[in-house]
Each structure stands twice: as C-alpha cells, then as structure tokens.
2 protein chains.
Amino acid sequence: MQDYIVESVDKAIDLLMAVARKPNIGVTELAKKTGVTKSRAFRLLHTMEQRKIIKRTSESTYGLGEAMLVLGITASTQTDVIRLATPILEELCQRVNETVQLRIVDGLDALCIAKAEPSRDLRVHANVGRRRPLYAGSPKCLLAFQPQEFIDRCVPLKPPALTAHTPKSRAVILEELIKIRRQGYCVSRGEVSDHQVSCAAPVFALDNSVVATIHVVAPAFRIRESELEHIIRIATSAAQRLSRALGWSEEETAV
Amino acid sequence: MQDYIVESVDKAIDLLMAVARKPNIGVTELAKKTGVTKSRAFRLLHTMEQRKIIKRTSESTYGLGEAMLVLGITASTQTDVIRLATPILEELCQRVNETVQLRIVDGLDALCIAKAEPSRDLRVHANVGRRRPLYAGSPKCLLAFQPQEFIDRCVPLKPPALTAHTPKSRAVILEELIKIRRQGYCVSRGEVSDHQVSCAAPVFALDNSVVATIHVVAPAFRIRESELEHIIRIATSAAQRLSRALGWSEEETAV
DNA sequence: CCGCTTGTTTCGTTAAATGAAACGCATAAG
DNA sequence: CTTATGCGTTTCATTTAACGAAACAAGCGG
C-alpha cells in the first residue's frame, strides 16, 4: 500500500471505469484492459455486482448497475455546476426557443451533462450522456480553454470530415481555438451535422479554469446572422451568470 | 474473505453510500455510521477521493465527486428503464400537457429518476433526484406493488399530516394500497401538497414485479373529473407500453 | 472429438490492509 | 491563559484478507 491508497479499491475503480467505457464485455477482457489477473478481476467484479454497482447484461458480460444510477442521480443533486446550471439553462432555452446543453470534458470527449429543450415541433434533439469529439463544432469552445498540453493530445493531425464544413487540418483547428479564446465564444455552422448551427460560451470556476460550456443548437435554416448574434449574446450572458454563481468573478489577471 | 467478496471494496461501497445519503460530514462520523475504524475509513475515503469518486466539500467533509456524476450519467444511458422511458415520458408529457415523472423505490423513498415538463408557464416543477415518502400521494402506487413485508416496514403507524388530505392512519393506507392493486393505478388529490393532483401507473418487468411508476402531476384547479379520467387512461397506457418495451407481457398468472 | 475459448473455483503464500495508539491542531471550556 | 476534548492524520507491528497460478467446468467451432 503506497501513500494511503487501498489498492483493491483502486483497482475496483479501474474495472468500474472500464465497464462504463465499454459495457457488455466479460471478465477476461476487462482483466486485460485494466492489467489485473483474471481471478482478481473476477472477485472485484463479483463484489461490485453484489452491491448492484454493476450488473450482468448477459450470463458473462457486465454493465453499470442500478446502484450506480442512483448514486449518479444523487451526485447530480449534490454537484454545484448541475444544480446551479439547471434554472439558467431553462431560462436560456425559453429565451432562444432552441435546445441548449451543458457540456464538460471527460476523457477526450465533450460530455453532455444537462440539457433543456423547447417544446416546438422542429428542434435539435439532445441527450444527456452523449459524447462528442472536442475538436469539431461548438465543443471546440470547451477545448480552447484547456491546457495546451491537453489540446495537443486531443486534436488529431487529420480530423475525420463529418461534413463539408468540418475543419480539415490540425493547423486550422489550432487557429480557431485562438480565435475562440480571443472572442470568448464559439460558433459552428454545420461542422458536425449539416443544416445545424450551434454556438457555445465558457463557464469559469473560481480559479479561472473553464469547467463547462453552455451550448445552443438550432436548425440552420431558421438562424440568420442577426439572430445568431442575438443568441450568442444571451448564451454568453447565461454562461457568465453561471460562472458567477460558481464563485468566479471577472478580472483581467495575467497568468 | 468470505464467498468472493473483497471486503475492503465492500466497505468502500458502504462509505460511498453513506456519503451519498448524508453529505458534508467527516471521517469520524462516516466511520461510526458504517461500523469501521477511523483509520480504515480515512484510507478508503482517501482512495476514492484521489479517483474523484468523492470530493471534499470543505476541509474535513465529503460529498460525491465528479467521477460519480459521469459514471451515473453513463449508467443512465446504459439502463433500459431510463433509455426506453425517455421518449415515452416525453410523448405523454406532450399529450397531457402536464409534468410527468418516472419514479423507482430506493431505500424507503420514491426516487424521481426521470421527468418531462411542458413549457406552459404554470406547471408543477419536478426534479430528478428528489425523494418522496412512499406512503402518501401517488408514490403509493409504487409501494402497492412491493412485497407485503416491505410495505409493513415502510408505512408508519402515525403518518405525518402533510396536508388536510394526507391519509391519517396506517390502516387507511393499507386499505388504499389494496384498491390501487385492484384498479391498477393511483390518484392523489392534495395528499402531499395542497392544490396539487397527481396520478400514477405501474411499470412491470419480465417477472411481473413493478420496477417503476409513471406519474402525472398537475395543479388541482385545472383538472376536472373528466380530464383526470382522460389523464389516467393515457398514463396507464404509457406505463403499459414501457412495460412491454422492457419485455413484460400481459398475463393473468396467479402468483 | 479435440482444442481453444470462456467463467469459476481452489489453495498455499505473502504483502497489503488493518486496528490501536500516538500526534498535531483546532476550538471550546475552565 | 491553560486545559480538555474533539477532529483529521500518521505511524507501525501484526495478521488476515487478498492475491496469483493453476486446475476445473462448460461452451463453441473446426
């Protein structure tokens, strides 16, 4: 045991994360992924299964369990970003009458952790839990404010072309990230999906790091330039309000 | 080690659940609650803290962490009840134009695990993660289909009177549970909050157990008897559709 | 029918995890 | 101001709980 870490618990968490990342696989493969022996993996998985942290999705594959769901829901009520964001997202949604999302960095992805949708018939559909690459579309806003070292790891040399408007090279993306940092928001016109426009604004924490981004996503055909500007303004203001609620205060501190 | 349970992991889960149930308390109190020594609790908590399963909410208190949030969100995308319920709840919400919820039993409470809200100005506000007692209002629907042994543990002899319409004794509640089982749904008129009407219908799993309930909640003043009947009909049908999606099939099996 | 997977079980070994007690540091009480 | 009591943290010697390797059972495909 090094430095107060209980290794079996640590390894159990490794396995849990592995199950989350790729469900419906068995003991052997999970053991391989996490670098533990098969018998150890079996015992740790068995322990978590008894407690419903994970469950069997078939006779010999695992997935996250019901206890995990309940704990996660409880976590969302205990987590400031979510608790404070919810009313802000709902108000923003109502004002722009389009779908809005809250995203954070998880691994190499932008993970949607909250959303609000207007009830108009034609709207972009959002899903809590859905992941998007950080290097294309409005998720770039989240990426732009991460440490350069992380950015370098994220952005591929040859980003896959999702649409005709997807940035075509690493250099272009890095260029855009600079622009995003300068102007304080990000706009995407069909970079991820055709006929879809989105914009995003950063949410700052106490230490001036960006912990999340607020996104507005809309069908391209009904967003003219002037409307887009309007949306950007209120989205940015919503993000600022959330930042302040998290304890951040505007200042021009040189880092 | 008994029966393939890794005790340190098991105890870590105990602590995790304790943190979830009552956040913002310290090592000593958590150790007491879970029946482990202070040093053990400290090490297990420290291990989970490093992995962001939990985090400090102050210098010496704990709460659920960001990894927990992400795992929970991932779990919700992997869990059938949620995945299948979401579109059904949204359609139901649109059709009744009122707030709808999905609830499950957790501990002694009815826990809201999903919701959909209409965008009309006056509506009942719902919150994923909010808990309600099982013995009053529409949550009784969830209770009615649990094992009798569990019901007996849940229902207090003298239930606290939340409003003038809260059932006043254990006997009355047990009577109502029988009625709910018979008619297959539950109606509450101001049992939990004045001026609030709700109804609920059970969602069945393969084994005919009730895994969740679908609730419709509305301001009392705009729900006449005939509207209520209409709401009950489509709520019940939504619950049935969800049951079938989960693999349940209607049958008159004597237990 | 055999070989190659799985997941599960056994068992002896050992180091990882533990409990008790000490420590330092607060705040509260005397 | 001093003492007492509570907290979180650290230490250390002890031992038991967790481990790895190997055997086992069961399923599948060739």
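Here is how names work: the chains are called A, B, and so on, in the same order as the sequence lines, proteins then strands, and each is numbered from 1.
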With sequence neighbours left out, write down each residue that passes salt bridge (Lys or Arg N to Asp or Glu O under 4.0 Å) with [X], or none if nothing qualifies.
X      : answer
B:R51  : A:D10, A:D14
A:E59  : none
B:K115 : A:E90, B:E117
A:R56  : A:E49

Completion exercise
For A:A205, the side-chain contact (heavy atoms from CB on, under 4.5 Å) test, sequence neighbours excluded, returns A:D207, A:S209, A:V211

[X] has an atom [atom1]; how far is it from atom [atom2] of [N], in whole Å?
X     : N      : atom1 : atom2 : value
B:E49 : D:dT9  : CD    : C1'   : 13 Å
B:E7  : C:dA16 : CD    : C1'   : 13 Å
A:R43 : D:dA17 : CZ    : P     : 14 Å
A:F42 : D:dG20 : CZ    : P     : 15 Å
A:L44 : C:dT9  : CG    : P     : 16 Å
B:R40 : D:dA17 : CZ    : C1'   : 9 Å

Practice task
Return the angle between end axes of the helix from C:dG3-D:dC28 to C:dG30-D:dC1, with five pairs used per end and rounding to 10°.
Solution key: 30°

Completion exercise
Applying ring pair (Phe, Tyr, Trp, His ring centres under 6.0 Å) to B:Y185 and not counting sequence neighbours gives none

Could you work out which one of [options] sits closest to the side chain of [X]?
X     : options               : answer
B:S8  : C:dA17, C:dT8, D:dG8  : C:dA17
B:Y62 : C:dA17, D:dT9, C:dT8  : D:dT9
B:R56 : C:dC11, C:dG19, D:dG8 : D:dG8

Practice task
Kindly say if B:Y4 contacts the phosphate of D:dA18, meaning a side-chain N or O under 4.0 Å from OP1 or OP2.
Solution key: no

Handout entry: A:S39 side chain near D:dA21 phosphate (N/O to OP1/OP2, under 4.0 Å)
Key = no

Practice task
Consider only side-chain N and O atoms of A:T77 and A:T74, and report whether a donor and an acceptor are under 3.5 Å apart.
Solution key: no

Practice task
Specify the residues of residues 13-38 of chain B, ordered by number, for which at least one heavy atom lies under 4.0 angstrom from an atom of DNA chain C.
Solution key: B:T37

Return all side-chain donor-acceptor pairs below 3.5 angstrom for residues 16-30 of chain B, not counting sequence neighbours, or 'none' if the list is empty.
residue : atom : partner : partner atom : Å
B:K22   : NZ   : B:E29   : OE2          : 3.4
B:N24   : OD1  : B:T57   : OG1          : 2.8

Problem - Residue met sooner reading DNA chain D from 5', once A:E59 and A:K11 are mapped to nucleotides - result: A:K11

Completion exercise
With A:D106 as partner, the option from A:R130, A:R132, A:R131 fulfilling salt bridge (Lys or Arg N to Asp or Glu O under 4.0 Å) is A:R131

